[in-house]
Amino acid sequence: TSPLAWLRTRFYYLLIRLYFDQEFSIEEFTRGAKQAFSVVSKLLSQRKLDLLDELVSAEVLQVLKEKISLLPDNHRDALAADIDAIMYTTEGDVRIYYDDDGIKFVSILMRFWYLNGANLPDEVPGETKVFQIVFGDESTKEKRHLLTANYEFQREFTEGAKPDWTITRIEHPKLLE
C-alpha cells in the first residue's frame, strides 16, 4: 500500500477509537477477520449457506446463493481457506458513514491471500501458481495456488445496536463471479 493510504487508514482507526469504540484494536480486528474469512469461505465451499445468516448480510447472502449454485466443483473447492493457509492479510479501505437518521456505520475492507490445493487449471487468470511441494519422490507432487479474496466488514455504532461485525461484501476474483 502507498504511504498515504497507510496514513489515512491509521487516521480512521484513531477516529474509531476516539468516537466509536475506545477498545478498538486493528490487530484484534484482523485476527477476528481472518477467523471469519476462514469459517465463511469453508461454508461457501461446502454450500452450507444457511449457516451464514448471522455472519453475512441478507443482500450478500442472496447473491451468493445464486452464484454458488452455478460454480463448478473445483472453483467451489478453491473458495475454502484454512486459517493456517492464509499467507498475507491487509486492510483495504476504511470508511465511516452517517445516514440521514443518525445511524453510524464503520466499514473495513480486508484483503486475504491464501494457499489452496484445489484442482484448478493452470490458465486461470488472476491467480498465481506459487510452488509445487514434492513429497517422497519426484513423481508425487502437490500443486498449491495463491488465491485472493476481499471481504468487507461493517458494524453499526448507533446507541443500542448489536456490537457485531457483518460481512457486507465477498469477492473471490475469477472464482466467484
Side-chain angles (χ1 to χ4, degrees), residues 1-2 5-6 9 26-95 105-155 164-177:
T1 59
S2 74
W6 185 87
T9 57
I26 189 56
E27 293 80 15
E28 186 177 322
F29 175 84
T30 300
R31 275 193 300 277
K34 284 172 71 171
Q35 185 176 14
F37 165 62
S38 179
V39 168
V40 169
S41 68
K42 287 177 186 176
L43 291 172
L44 287 174
S45 175
Q46 298 165 0
R47 293 185 180 161
K48 295 182 178 177
L49 302 179
D50 54 319
L51 299 176
L52 296 175
D53 283 338
E54 298 293 317
L55 301 172
V56 178
S57 72
E59 297 83 12
V60 171
L61 198 52
Q62 184 59 38
V63 171
L64 288 173
K65 286 178 181 178
E66 296 169 14
K67 289 183 177 183
I68 293 291
S69 66
L70 302 173
L71 279 183
D73 288 344
N74 61 341
H75 282 214
R76 199 182 75 242
D77 292 343
L79 296 175
D82 187 56
I83 198 159
D84 296 331
I86 299 171
M87 299 286 95
Y88 184 70
T89 304
T90 187
E91 312 92 36
D93 199 18
V94 179
R95 295 181 184 196
F105 293 97
V106 171
S107 172
I108 302 175
L109 178 67
M110 297 295 293
R111 294 189 173 107
F112 303 96
W113 285 262
Y114 63 101
L115 289 175
N116 184 287
N119 186 18
L120 295 173
D122 289 337
E123 65 274 356
V124 172
E127 68 84 33
T128 307
K129 185 182 357 172
V130 177
F131 55 84
Q132 293 181 349
I133 303 171
V134 179
F135 294 104
D137 60 14
E138 190 64 31
S139 64
T140 309
K141 292 185 180 183
E142 182 180 349
K143 189 172 20 174
R144 295 283 183 167
H145 299 272
L146 181 63
L147 302 170
T148 62
N150 301 314
Y151 280 47
E152 184 176 61
F153 296 83
Q154 187 178 79
R155 178 177 167 194
D164 298 331
W165 290 90
T166 302
I167 299 170
T168 55
R169 180 170 38 156
I170 293 178
E171 297 172 342
H172 285 263
K174 306 302 178 192
L175 294 175
L176 191 61
E177 293 185 338

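None of these values were measured; they are calculated from a predicted model.
Without hydrogens or angle criteria, T168 side chain to Q154 main chain gives no donor-acceptor distance under 3.5 Å. Here the side chain of R76 pairs a donor or acceptor atom with the backbone of S45 at under 3.5 angstrom. Between the side chain of N74 and the backbone N or O of N119 there is at least one donor-acceptor pair closer than 3.5 Å. When atom types are taken as modelled, the side chain of T30 and the backbone of I26 share a donor-acceptor pair closer than 3.5 angstrom. In terms of modelled atom types and a separation under 3.5 Å, the side chain of N116 and the main chain of L79 share no donor-acceptor contact.
Contact detail for W113 and T90: the closest heavy-atom pair is CZ3-CG2, 3.6 Å. Taking all atoms of both residues into account, the shortest heavy-atom contact from D82 to K42 is OD1-NZ, 3.1 Å. Nearest heavy atoms, G117 versus R144: N-NH1, 3.7 Å. In terms of heavy atoms, A118 sits closest to H145 at O-CD2, 3.5 Å.
By the 4.5 Å heavy-atom criterion applied to side chains, V39 and I83 are not counted as neighbours. Contact check for L44 versus L49: side-chain heavy atoms found under the 4.5 Å cut-off.
Atom OG1 in T89 sits 12.0 Å away from atom OH in Y151 (nearest 0.5 Å). The structure places CG of L147 at 10.5 Å from OG of S41, a figure rounded to the nearest 0.5 Å. To the nearest 0.5 Å, the span separating CD on E91 from CD1 on I108 amounts to 8.0 Å. With values rounded to the nearest 0.5 angstrom, E54 atom CD is found 8.5 Å from T166 atom OG1. We find the OG-OH distance between S38 and Y114 to be 10.5 Å, quoted to the nearest 0.5 Å. Atom CG of residue D93 and atom CZ of residue R111 lie 8.0 Å apart, to the nearest 0.5 angstrom.
Heavy-atom contacts from other residues, nucleotides or ligands closer than 6.0 Å to CD of Q35 number 12 or fewer. Around CZ of R47, the count of heavy atoms belonging to other residues, nucleotides or ligands within 6.0 Å exceeds 12.
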*Report the C-alpha separation of N150 and R169 in whole Å, then their side-chain angles, then the decisive distance to 0.1 Å, and conclude whether the side chain to side chain contact (heavy atoms under 4.5 Å, CB included) test is met.*
CA-CA 8 Å; N150 301 314; R169 180 170 38 156; 5.9 Å; no

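The aromatic rings of F37 and F112 sit parallel to each other, their planes meeting at less than 30°, with 60° as the upper class boundary. In this pair, F153 and F29 present their aromatic rings perpendicular. The plane angle is above 60°, beyond the 30 to 60° band.
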